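Heads up, the thing below is written out as structure tokens.
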Amino acid sequence: MWLCGASKVVTHDVNPYLKSELIDASLTYMQHNSAEIVELFGEWAATSCFQSRFAALMAVPRGLQELLKLTGIQYFAPADARRTPLPDAAIDCHLSSTVLEHVAREDIRAIFVEARRVLRPSGVMAHCIDLSDHFAAFDSALNKLNFLQFSDAEWGFWANNRFMYQNRLRASDYKLLFEQVGVKPLWLRCAVDTGAAESLRNSVGINSRFAGLPVDDLATTGLTFVGRFS
């Protein structure tokens with residue numbers, strides 16, 4: 001966000017997981033693969049803002065505090081995104097990337113209510129949500145919808161701890177949450193896993209909690225949403 005022109009980024013984390021070692025490793029990778037990083041930004045990379053800031057980033061000394069100072073990032077942890085110290089109408093964009101799937105439904109609702117308070121009238125929400133079973137990323141034997149076979153009690157016993165909590169909400173659940181808090185969609189993209197969808201059509205078992213939902217809703221493994229409060 002800073003490379004694209006943001007003057008300030010305020011980020012909240014439940015636990016203080018951001019470490020200098022992680023920052024240093026990321027910066028080292030970016031320096032050794034700068035062409036790849038620039039390509040990721042597409043047309044933004046041609047702007048004078050990006051070019052000057054990217055050059056500054058490549059020259060920043062190692063260390064978390066140096067990076068935060070350069071980029072204007074305020075990192076609060078432990079912190080609660082449901083109740084922030086930000087004043088009303090203070091920000092232009094409220095965003096997350098592969099975060100909301102790790103948050104309980106009612107807490108997501110509270111985070112969105114807080115977003116409505118801190119966003120300017122012209123501000124937008126932008127959230128990328130990973131709806132797949134995250135364990136499938138580490139075990140090729142697992143289907144991306146593997147976790148839909150379990151009851152809430154079973155899933156809670158086997159997997160839902162503070163290290164790998166996944167709410168298992170489907171795309172329709174998030175759309176309903178957006179509607180309930182008064183968010184008007186500006187852009188929405190659902191990524192349907194066709195292989196997983198075919199498995200469901202072939203009667204691969206799912207728990208009764210998810211019975212009755214359309215196959216494409218169940219098989220949506222990625223949701224990208226941009227919206228504005230009405």
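The basis for the numbers below is simple: all heavy atoms, side chains too, and nothing from hydrogens, waters or symmetry mates. Predicted model only: the values in this text are computed from it and were never measured.
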Residues two or more places apart in sequence or in another chain: which of them pass ring pair (Phe, Tyr, Trp, His ring centres under 6.0 Å) with [X]?
X: Tyr174; result: none
X: Phe229; result: none
X: Phe50; result: Phe41, Phe54

Could you grab the distance from atom [atom1] of [X] to atom [atom2] of [Y], nearest 0.5 Å is fine?
X: Leu100; Y: Asp173; atom1: CG; atom2: CG; answer: 12.5 Å
X: Ile23; Y: Leu67; atom1: CD1; atom2: CG; answer: 5.0 Å
X: Ile91; Y: Thr84; atom1: CD1; atom2: OG1; answer: 7.5 Å
X: Met125; Y: His94; atom1: CE; atom2: NE2; answer: 5.5 Å

Are [Y] and [X] connected in a single hydrophobic cluster, I mean Ile/Leu/Val/Met/Phe/Trp/Tyr linked by side-chain heavy atoms less than 4.5 Å apart?
X: Val118; Y: Val9; answer: no
X: Leu213; Y: Phe150; answer: yes
X: Val124; Y: Leu177; answer: no
X: Leu18; Y: Val14; answer: no
X: Val60; Y: Met58; answer: yes

Are side-chain heavy atoms of [X] and [Y] found at a separation under 4.5 Å?
X: Cys190; Y: Lys175; answer: yes
X: Asn207; Y: Leu148; answer: no
X: Cys128; Y: Thr224; answer: yes
X: His102; Y: Asn167; answer: no
X: Leu169; Y: Leu131; answer: no
X: Leu22; Y: Leu64; answer: no
X: Phe210; Y: Leu218; answer: yes
X: Leu3; Y: Trp44; answer: no

What pair of heavy atoms forms the shortest contact from [X] to [Y], and how long is it?
X: Ala136; Y: Leu142; answer: CB-O, 3.8 Å
X: Val192; Y: Ala197; answer: CG1-CB, 4.5 Å
X: Val103; Y: Ile108; answer: O-CD1, 3.5 Å
X: Ser172; Y: Asp217; answer: OG-OD2, 2.6 Å
X: Ser96; Y: His127; answer: OG-ND1, 2.7 Å
X: Arg120; Y: Ala89; answer: CG-O, 3.3 Å

Looking at [X], I want to see if its [atom1] is surrounded by more than 12 non-hydrogen atoms of other residues, nucleotides or ligands under 6.0 Å.
X: Trp2; atom1: CH2; value: yes
X: Arg189; atom1: CZ; value: no
X: Phe138; atom1: CZ; value: no
X: Met1; atom1: CE; value: no
X: Phe157; atom1: CZ; value: no
X: Glu179; atom1: CD; value: no

Strictly distance-based, threshold 3.5 Å: is any side-chain N or O of [X] a donor or acceptor partner for the main-chain N or O of [Y]?
X: Ser230; Y: Gly182; answer: yes
X: Gln149; Y: Asn146; answer: yes
X: Ser151; Y: Glu154; answer: yes

Between Arg170 and the options Leu145, Leu176, Leu223, Asp216, the side chain to side chain contact (heavy atoms under 4.5 Å, CB included) test singles out Leu145
From Trp187, Phe178, Phe112, residue fulfilling ring pair (Phe, Tyr, Trp, His ring centres under 6.0 Å) relative to Phe225: Phe178
We want to know whether His134 and Glu101 form a side-chain donor-acceptor pair, criterion being a heavy-atom distance below 3.5 angstrom. yes
Arg168 bridged to Asp133 by N-O distance under 4.0 Å: no
Which is it for Arg116 and Val181 under the side chain to side chain contact (heavy atoms under 4.5 Å, CB included) test, yes or no, and what are the steps along the way? CA-CA 8 Å; Arg116 182 165 197 158; Val181 297; 5.8 Å; no
Partner residues of Asp193 under the side chain to side chain contact (heavy atoms under 4.5 Å, CB included) criterion, sequence neighbours left out: Lys144, Ala196, Thr221
What residue pairs, at least two apart or across chains, pass side chain to side chain donor-acceptor pair (under 3.5 Å) with a residue in residues 59-81? Asp13-Tyr75, Thr28-Arg62, Gln31-Arg62, Asp80-Arg82, Asp80-Arg83
Result block: side-chain N/O donor-acceptor pairs under 3.5 angstrom for residues 32-39, not counting sequence neighbours:
| unit_1 | atom_1 | unit_2 | atom_2 | d |
| --- | --- | --- | --- | --- |
| Asn33 | ND2 | Tyr29 | O | 2.8 |
| Glu36 | OE1 | Tyr29 | OH | 2.9 |
| Glu36 | OE2 | Tyr29 | OH | 3.2 |

